[in-house]
Amino acid sequence: MLSGGEATVTLTPGAGRGGRNLEFALALLTELGETGPGLRGLHALSAGTDGQDGSSPAAGAFLTPDSLTRAGHLGLDPHEFLRRHDSHTFFEALGDTLHTGLTGHNLNDFRAVVLT
């Protein structure tokens, strides 16, 4: 599945680091990891074409089938990071942020989800 467009995030006071693409990826991770089909065979990317997502230096984040397992091994609770809108810190700890640097273009946000 490929999609474009900009998601909306409503921040709460004291929000952490991140942006709408990192938040989308973290919300997808928590939703599919618990109530959906799970992450078996799931690979995803959510990123901004400008190379920076909100207050994060990353353009976005990757999801892999073992993202929840690796988070668990690191003691990271994805629900807590989502509640605090601190998606950059979560994905940076996993090593799953996408860093492109500023591109000079702000065309759209891009998401790709692949099931293998």
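Keep in mind the model is a prediction, meaning the values are calculated, not measured.
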Student: Could you check Leu102 against Asp50 for side chain to side chain contact (heavy atoms under 4.5 Å, CB included), going step by step and ending with a plain yes or no?
Tutor: CA-CA 6 Å; Leu102 297 177; Asp50 62 354; 5.8 Å; no
Student: If you measure from OG1 on Thr49 to CG on Leu107, what distance do you get to the nearest 0.5 Å?
Tutor: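 Those atoms lie 4.5 Å apart.
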Student: With a 3.5 Å distance limit and no angle check, can you tell me whether Ser55 reaches the backbone of Gly18 through a side-chain donor-acceptor pair?
Tutor: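 Side chain of Ser55 to backbone of Gly18, a donor-acceptor pair under 3.5 Å: yes, one is there.
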Student: Is there a side chain to side chain contact (heavy atoms under 4.5 Å, CB included) between Thr103 and Gln52? Walk through the geometry before answering.
Tutor: CA-CA 9 Å; Thr103 65; Gln52 183 176 11; over 6 Å; no
Student: Honestly curious: do Leu32 and Leu63 fall in one hydrophobic cluster under the side-chain, below-4.5 Å linking rule?
Tutor: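 In one cluster: yes.
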Student: I'd like to know if Leu82 and Leu74 are part of one continuous hydrophobic network [Ile/Leu/Val/Met/Phe/Trp/Tyr, side-chain heavy atoms within less than 4.5 Å].
Tutor: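 As far as the 4.5 Å side-chain criterion goes, Leu82 and Leu74 are connected within one cluster.
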Student: Looking only at non-hydrogen atoms, find the nearest pair between Gly4 and Asn108 and report the distance.
Tutor: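 The pair with the smallest heavy-atom distance is C-OD1, 3.8 Å.
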Student: Once you round to the nearest 0.5 Å, how far does CG of Leu45 lie from CZ of Phe24?
Tutor: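 That separation rounds to 10.5 Å.
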Student: Got a second to check how far Leu22's CG is from Ser56's OG, nearest 0.5 Å?
Tutor: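 Atom-to-atom, Leu22:CG and Ser56:OG are 5.0 Å apart.
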Student: Can you name the nearest heavy-atom pair linking Glu6 to Asn106, along with the distance?
Tutor: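 Smallest interatomic distance, heavy atoms only, reads OE2-OD1, 4.4 Å.
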Student: Let me confirm one number: the OG-CG distance from Ser46 to Leu26, rounded to the nearest 0.5 Å.
Tutor: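 Ser46 atom OG to Leu26 atom CG measures 11.0 Å (nearest 0.5 Å).
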Student: Does a side-chain heavy-atom distance below 4.5 Å link Thr97 with His88?
Tutor: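 Of all side-chain heavy-atom pairs linking His88 with Thr97, at least one is under 4.5 Å.
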Student: Rounded to the nearest 0.5 Å, how far apart are CG of Leu68 and CG of Leu42?
Tutor: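 So the CG of Leu68 and the CG of Leu42 are separated by 10.0 Å.
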Student: State, to 0.1 Å, how close Asp109 and Ala7 come at their nearest heavy-atom pair, and which atoms those are.
Tutor: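 Scanning both residues completely, I find the closest heavy atoms to be OD2-N, 4.3 Å.
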Student: State, yes or no, whether a side-chain contact exists between His99 and Pro57 at a heavy-atom distance under 4.5 Å.
Tutor: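 Of all side-chain heavy-atom pairs linking Pro57 with His99, at least one is under 4.5 Å.
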Student: Is there a chain of hydrophobic side chains (I, L, V, M, F, W, Y, each step under 4.5 Å between heavy atoms) that links Leu2 to Val114?
Tutor: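 As far as the 4.5 Å side-chain criterion goes, Val114 and Leu2 are not connected within one cluster.
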Student: When hydrophobic residues are tied together by side-chain contacts of less than 4.5 Å, even through go-betweens, does Val113 share a cluster with Leu94?
Tutor: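 Same cluster.
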Student: Measure from NZ or CZ of Arg83 to the centre of the six-membered ring of Phe81 and say whether it is under 6.0 Å with the direction within 45° of the ring axis.
Tutor: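 Judged by the rule (NZ or CZ under 6.0 Å from the ring centre, within 45° of its axis), Arg83 is not positioned above Phe81.
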Student: Can we say Asp86 and Arg17 salt-bridge, meaning some charged N sits less than 4.0 Å from an Asp/Glu carboxylate O?
Tutor: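 Salt bridge absent between Asp86 and Arg17.
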Student: Return the CG to CG distance between Asn21 and Asp53, rounded to the nearest 0.5 Å.
Tutor: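 So the gap between those two atoms works out to 4.0 Å.
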Student: With side chains defined as the heavy atoms from C-beta onward, is the minimum distance between Phe90 and Asp96 less than 4.5 Å?
Tutor: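 Not in contact.
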Student: Between His85 and Ser87, does any side-chain donor sit less than 3.5 Å from a side-chain acceptor?
Tutor: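 Checked: His85/Ser87 side chains show no N/O donor-acceptor pair below 3.5 Å.
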Student: Under a 4.0 Å threshold between the charged nitrogen and the carboxylate oxygen, would Arg20 count as salt-bridged to Glu23?
Tutor: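 Salt bridge between Glu23 and Arg20, a charged N being under 4.0 Å from a carboxylate O: no.
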